[in-house]
Amino acid sequence: MKKKKQKQQQRKQTGQQTSLAQKKQQTEQQTRLVQKQQTGQRKQSLRQSESQMPKRQKRDWRAYLYNCPYLLLITLTTLAVMFISDEIGISAAVRDTQMFVSRSYAKMPGEQGVLEADVHSSMLEDNGKTSDIENLNKVGNEDVVKNGKDTADIGKTDEIQTNVAAGIGDGSEAESFDEETEVKAGNAGIRKDNSDDLQNDDRHQSEHGGLKNGVETEDVPKGVTDFEFYEPVQIESRYYKDAGKVALTTVYPYTKENTSYFDNAAFLGDSRTLGISDYAGLENTDFYCDSGMTIFRILEDEVTYQKTGSKVRMTEVLQTKQYGKIYIMLGMNELGYGDTEMYLDQYQQVLQQIREWQPEAVIYIMANLHVSREKNNMETEFNNININDKNAASASLANGTDVFYLDVNPVFTDEEGYLKSELTFDGVHLYAKHYDAWREFLLEHAVDLPKSQISEAEQRTDTGSGIGKAAQENP
């Protein structure tokens, strides 16, 4: 009986254990199922949240903008200012970018030769470095290198044509034309006689009265730079426009001097200034010039000092040596670099800097020489209208007291303003023998400042003030 009872108890215990194991297994299965369901729910919720997130962000941004109307007003106002303002807006940024690109491009080696031939080397090949002037009296023929290569004339020095020589001899301009003559599109503008009288010529319309840096006194003469006006033509170019005026030599009581006047003078310029250096017979004068030189580079890059052939920096030269006269002729290589406004702004800065370093010097702004009819190209920027635009801009900087504008064009141009073909071998540069006429023109237009005016120049603290004012009144 006992055995029977023990077996029953064992079976009962085994059944209980089996039941407990089954319950445990069921519980674990239920737990795993619940966990699986919870995980699925969390993933689904996360996916829903992610899908709804962009909509919620977009909705939040719209609500934020809607609730902050001042932000929208500020944004619209800022955009309007950027489009309208010339100082801080888009136009200012474009102007600054153009200035940077223009200056950078103008400094690139090999790019400046577009407007100027390598005349200096050609002249030296034919005439010899040490005897350029002597050769002018030895050789009687005017030669032009075949196959398109430019050379200088090495013929015997003689007078230009009778009308040119007459214009130089009496100190007046070489050409005189009727006021009512029409200006044809593509020319340089009809020229008039420019009297060396302090009174304004009635035929000329003065654009400004000639400004002076010092205190005006009755004993100090004051020059006037006149402009001859005409009906401008429409120009489609971002580099220049037709100024509708031709700048004339500053009217002033000039004196006639000899070549010793240039002994304490400095000439700054490009290849045409280089021609004056080689063929005008001014051996005691300092010339700082290079083919391809520009107003943007003259105080920044090295320039050739023609007496030694060495490269110098004008920033150092003009601070260590004092000159009585400084002649500047730059602008031909800027015809296609930037616009006239940029050219004028840079010219003004250069003049102000030179005035600071050279307080006693008389500064002459020399007009850029016109090109011939064959070289005048209205399809490009290389034409006389563009040259006139640059000349008129630089002439506005003359104040008639210590800064003067000299235009030699009437000596070498025809009645339509073109450089006479018989005076040039490439339509841009003169034959060597004709630089004598240029020298005589400069000697006929010499300025000797009164001592009182020199004292005023020394005492000026606002350097270049007259220059800056003249430029502002003649944009």
Side-chain angles (χ1 to χ4, degrees), residues 132-133 171 212-214 220-221 223 249-250 252-270 272-290 293 298-299 302-330 350-367 397-406 408 435-460 463-464 466-467:
D132 288 334
I133 305 303
K212 183 166 65 171
N213 291 332
V220 178
T249 294
T250 301
Y252 188 84
Y254 298 105
T255 61
K256 168 67 176 179
E257 299 287 346
N258 54 39
T259 56
S260 63
Y261 180 78
F262 299 115
D263 288 352
N264 65 341
F267 282 72
L268 284 59
D270 48 35
R272 265 88 76 84
T273 304
L274 194 59
I276 298 175
S277 172
D278 287 341
Y279 303 110
L282 304 179
E283 298 179 356
N284 296 327
T285 308
D286 287 346
F287 285 87
Y288 303 92
C289 47
D290 283 304
M293 183 52 62
I298 190 65
L299 295 184
E302 291 185 333
V303 187
T304 302
Y305 179 40
Q306 295 302 320
K307 281 186 177 179
T308 63
S310 60
K311 292 287 186 178
V312 298
R313 288 194 174 276
M314 296 310 302
T315 53
E316 298 175 0
V317 172
L318 295 177
Q319 292 183 78
T320 56
K321 183 174 182 178
Q322 290 297 308
Y323 289 100
K325 307 98 186 175
I326 296 179
Y327 293 82
I328 305 173
M329 183 170 58
L330 292 166
V350 169
L351 285 184
Q352 289 176 340
Q353 186 63 76
I354 292 177
R355 172 57 67 215
E356 179 180 345
W357 294 332
Q358 303 284 320
E360 299 181 27
V362 179
I363 299 178
Y364 297 95
I365 299 173
M366 298 171 63
L397 300 174
N399 56 32
T401 55
D402 56 6
V403 181
F404 300 85
Y405 177 76
L406 300 181
V408 74
Y435 283 98
D436 285 348
W438 202 328
R439 178 196 63 217
E440 292 305 312
F441 172 83
L442 296 179
L443 289 174
E444 291 281 354
H445 294 80
V447 174
D448 285 324
L449 294 180
K451 293 182 179 180
S452 59
Q453 192 168 350
I454 294 177
S455 298
E456 292 170 4
E458 292 174 343
Q459 296 173 2
R460 280 199 303 266
T463 58
I467 296 171

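Please read all numbers here as calculations on a predicted model, not as lab measurements. Note: hydrogens, waters and symmetry copies are ignored here, and every other heavy atom, side chains too, is used. Starting from 1, each residue takes its place in the sequence as its number.
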Applying side chain to side chain contact (heavy atoms under 4.5 Å, CB included), run through Asp448 and Val362 and close with a yes or a no. CA-CA 8 Å; Asp448 285 324; Val362 179; over 6 Å; no
Could you tell me if the side chain of Asp270 sits less than 4.5 Å from the side chain of Arg272, heavy atoms only? yes
Taking the side chain as everything from C-beta on, heavy atoms only, tell me whether Val303 gets closer than 4.5 Å to Arg313. no
Would you give the length of the straight line joining atom CZ of Phe262 to atom CZ of Phe287, rounded to the nearest 0.5 angstrom? 8.0 Å
How are the rings of Tyr435 and Trp438 set relative to one another: parallel (under 30°), tilted (30 to 60°) or perpendicular (over 60°)? parallel
Can you confirm if the aromatic rings of Tyr364 and Tyr405 lie within a centre distance of less than 6.0 Å? no
Going by the angle between their ring planes, with limits at 30° and 60°, are Tyr305 and Tyr288 parallel, tilted or perpendicular? parallel
Derivation and outcome, side chain to side chain contact (heavy atoms under 4.5 Å, CB included), residues Leu397 and Ile365: CA-CA 8 Å; Leu397 300 174; Ile365 299 173; 3.9 Å; yes
Exactly one of Thr273, Ile328, Val408, Leu442 should register a side-chain contact (heavy atoms from CB on, under 4.5 Å) with Met366. Which one does? Leu442
Side-chain touch Ile354/Ile326, heavy atoms, less than 4.5 angstrom: yes
What pair of heavy atoms forms the shortest contact from Lys311 to Glu302, and how long is it? CB-OE1, 3.5 Å
Would a 4.5 Å heavy-atom cut-off, applied to side chains only, mark Val447 and Phe404 as touching? yes
Closest approach of Thr259 to Asp263 (non-hydrogen atoms, all atoms of both residues): O-OD1, 3.8 Å
Within a strict 4.5 Å, meaning less than it, do heavy atoms of the Pro359 and Gln322 side chains meet? yes
List the steps, then state whether side chain to side chain contact (heavy atoms under 4.5 Å, CB included) holds for Arg439 with Ile276. CA-CA 8 Å; Arg439 178 196 63 217; Ile276 298 175; over 6 Å; no
Pair Leu330, Ile298 - check side chain to side chain contact (heavy atoms under 4.5 Å, CB included), show working. CA-CA 9 Å; Leu330 292 166; Ile298 190 65; 4.0 Å; yes
If you draw the axis of the six-membered ring of Tyr261, does the NZ or CZ of Lys325 fall within 45° of it and under 6.0 Å from the ring centre? yes
Is there a side-chain hydrogen bond (donor to acceptor under 3.5 Å, both in side chains) between Glu283 and Thr285? Walk through the geometry before answering. CA-CA 6 Å; Glu283 298 179 356; Thr285 308; over 6 Å; no
Side-chain contact, heavy-atom cut-off 4.5 Å: Ser277 with Phe267? no
Heavy-atom distance under 4.5 Å between the side chains of Leu406 and Tyr327, does that happen here? yes
Closest heavy-atom contact between Glu257 and Ala446? CG-CB, 3.3 Å
When you compare the side chain of Tyr254 with that of Thr249, does any pair of heavy atoms fall below 4.5 Å? yes
Between Lys321 and Glu316, is there a side-chain N and carboxylate O pair less than 4.0 Å apart? no
Closest heavy-atom contact between Leu318 and Gln358? O-NE2, 2.6 Å
Roughly how far, to the nearest 0.5 Å, is CG of Leu443 from NZ of Lys256? 5.0 Å
Backbone N or O of Gln306 within a donor-acceptor pair of the Thr304 side chain at under 3.5 Å? no
To the nearest 0.5 Å, atom CG of Leu268 lies from atom CE of Met314 at 4.0 Å
